[in-house]
**Q** 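Quick one: this structure, given as structure tokens, is what I'll be asking you about.
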Amino acid sequence: MRPVSVLRAALLDWYDAHGRSLTWRAPPGSPRPDPYKVWLSEVMLQQTTTAHAAPYFEAFTARWPTVADLAAAEDGDVMAAWAGLGYYARARNLLACARAVANDHGGVFPDTEAGLLALPGVGAYTAAAVAAIAFGRPANVVDGNVERVMARLFAVETPLPAAKPELKRLAATLVADDRPGDWPQALMDLGATVCRPGAPLCGACPLTVWCAGYASGQPGRWPLKAKKADRPHRTGIAWVLRDEEGRVALVRRPDKGLLGGMTGLPTSDWSVSQADAAPPVAADWREAGAIEHVFTHFSLTLTVRTATGAGDFLWTDPDAALAALPTVFRKALERGLA
DNA sequence: GAGTCGTGGAG
DNA sequence: TCTCCAAGACT
């Protein structure tokens, strides 16, 4: 028996005993999982924790049980249902992908990695994951977990992100034909729960006999990482305008860019220095404090001003607005309503 | 290749 | 409080 097959068997045995039961996984012993649900869960899980994505997955599959249902949905309904999950380009691409499957593929997902890769919002990771998990095709599924496991297993001295190609090549050496759907999930589960960021739990790991990082005595040293740039700070103003019936004035943001395609509050530009920008309509504006929010590449202080008035807006009841807004605007609206 | 693109939990 | 970063994709 060759070492790679022994390593694989050790990890798959561990997975059978300790793998996480996640709601979107097909129950053990059941036939192949629904490609629609596999794809939906993988998109939701991009850069997102399982705990955060899980309720969204349940809501989406209850409301849109098939890819045809999702393809037929209204854009605004899908964007509102995604509100709070972040990376809103995923929601736009999700709809585009569902409609491509419905219109160009007869309602059936492509069953090859290359076919999947051509779909909107489906990159190298997601194409490989769906091909393996939904269609049983051996694929090199590499996410942040797998990169970390490879970096430790092989003591890779190149820092991320430059190490990505090398880590992917190393992961490819472990791909084989048996249990193709379970293999990536076993690797990712190990990375999430045992070979985790920070201090790994090597006492619970089935791979220590192969692991160069473990042998070094300092497995937490990997993966090496390049220093990140500092996060700049920006400021702006958010206006909470309400009509005589108490409804809130919202605007639809442009499709591209930050929070693209989502509804939002009217705001000033978010500049480096606080600008005393002109409000969307003339009114008796009053200060209502400020909120802080942190995005991936900048942090933001948003001053909130409130008034009563009228104008050409999307007038929305406060409860509906809070449910449909991305978090930064939900915070600002809550401040304005308080 | 480097920047853009959210959010919230963990340490 | 602050840093990290999660089943990444796109330009």
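As the structure is a computational prediction, the values presented were derived from the model and not from experiment. Protein chains get the first letters and strands the later ones, always in sequence-line order, with residue 1 at the start of each.
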**Q** Treat primed atoms plus P, OP1 and OP2 as sugar-phosphate and everything else as base, then score nucleotides 5-11 of chain C 5' to 3': B for base contact with protein heavy atoms under 4.0 Å, S for sugar-phosphate contact only, - for none.
**A** SBBBSS-
**Q** Any idea how A:Phe109 and A:Trp39 line up, ring-wise: parallel (<30°), tilted (30 to 60°), or perpendicular (>60°)?
**A** tilted
**Q** Other residues, nucleotides and ligands only: do more than 12 of their heavy atoms fall within 6.0 Å of CZ on A:Arg221?
**A** yes
**Q** Is any NZ, NE, NH1 or NH2 atom of the basic residue among A:Arg32 and A:Asp111 found under 4.0 Å from an Asp or Glu carboxylate oxygen of the other?
**A** no
**Q** Run the ring-ring contact (aromatic ring centres under 6.0 Å, His included) test on A:Phe60 and A:Trp82 for me, step by step, so that the C-alpha distance in whole Å, both residues' side-chain angles and the decisive distance to 0.1 Å come before the verdict.
**A** CA-CA 9 Å; A:Phe60 269 67; A:Trp82 198 275; 5.8 Å; yes
**Q** Could you tell me whether A:Pro326 contacts a base, only the sugar-phosphate backbone, or nothing, with contacts defined as non-hydrogen atoms closer than 4.0 Å?
**A** sugar-phosphate
**Q** Answer yes or no: are there more than 12 heavy-atom neighbours, outside A:Glu74 itself, under 6.0 Å from its atom CD?
**A** no
**Q** Rounding to the closest angstrom, what is the interatomic distance between B:dG3 and C:dA7 at atom C1'?
**A** 23 Å
**Q** I want to confirm an ordering. Mapping A:Pro161 and A:Phe295 to their closest nucleotides on DNA chain B, which one lands closer to the 5' end?
**A** A:Pro161
**Q** Could you identify which residues of residues 64-78 of chain A place a heavy atom less than 4.0 Å from some atom of DNA chain B, listed by residue number, or say none?
**A** none
**Q** Contact class for A:Val294 (heavy atom, under 4.0 Å): base, sugar-phosphate, or nothing?
**A** base
**Q** Are there over 12 heavy-atom neighbours, none belonging to A:Phe313, within less than 6.0 Å of that residue's CZ?
**A** yes
**Q** Flag yes if more than 12 heavy atoms outside A:Lys331 fall under 6.0 Å of its NZ atom; otherwise flag no.
**A** yes
**Q** What is the nucleic acid contact for A:Leu259, judged by heavy atoms within less than 4.0 Å: base, sugar-phosphate only, or nothing?
**A** sugar-phosphate
**Q** Could you check whether the rings of A:His18 and A:Trp14 sit parallel, tilted or perpendicular, using 30° and 60° as the cut-offs?
**A** tilted
**Q** Take a 6.0 Å sphere around CG of A:Asn103 and say whether it holds more than 12 heavy atoms from other residues, nucleotides or ligands.
**A** yes
**Q** Can you say whether the rings of A:Phe298 and A:Phe295 are parallel (under 30°), tilted (30 to 60°) or perpendicular (over 60°)?
**A** tilted
**Q** By the 4.0 Å heavy-atom rule, please label A:Gly260 as base, sugar-phosphate, or nothing.
**A** nothing
**Q** Taking the nucleotide of DNA chain B with the closest heavy atom to each, which residue, A:Gly86 or A:Ala162, is nearer the 5' end?
**A** A:Ala162
**Q** Could you go through A:Asp182 and A:Arg179, starting from their C-alpha distance and side-chain angles, then the distance that decides it, and tell me whether this counts as salt bridge (Lys or Arg N to Asp or Glu O under 4.0 Å)?
**A** CA-CA 5 Å; A:Asp182 288 338; A:Arg179 299 182 66 180; 2.9 Å; yes
**Q** Could you give the distance separating C:dA9 and B:dG1 at their C1' atoms, to the nearest angstrom?
**A** 15 Å
**Q** Could you give the start and end, 5' to 3', of the contact zone on DNA chain B for chain A, using atoms under 4.0 Å from its heavy atoms?
**A** B:dT4 to B:dG8
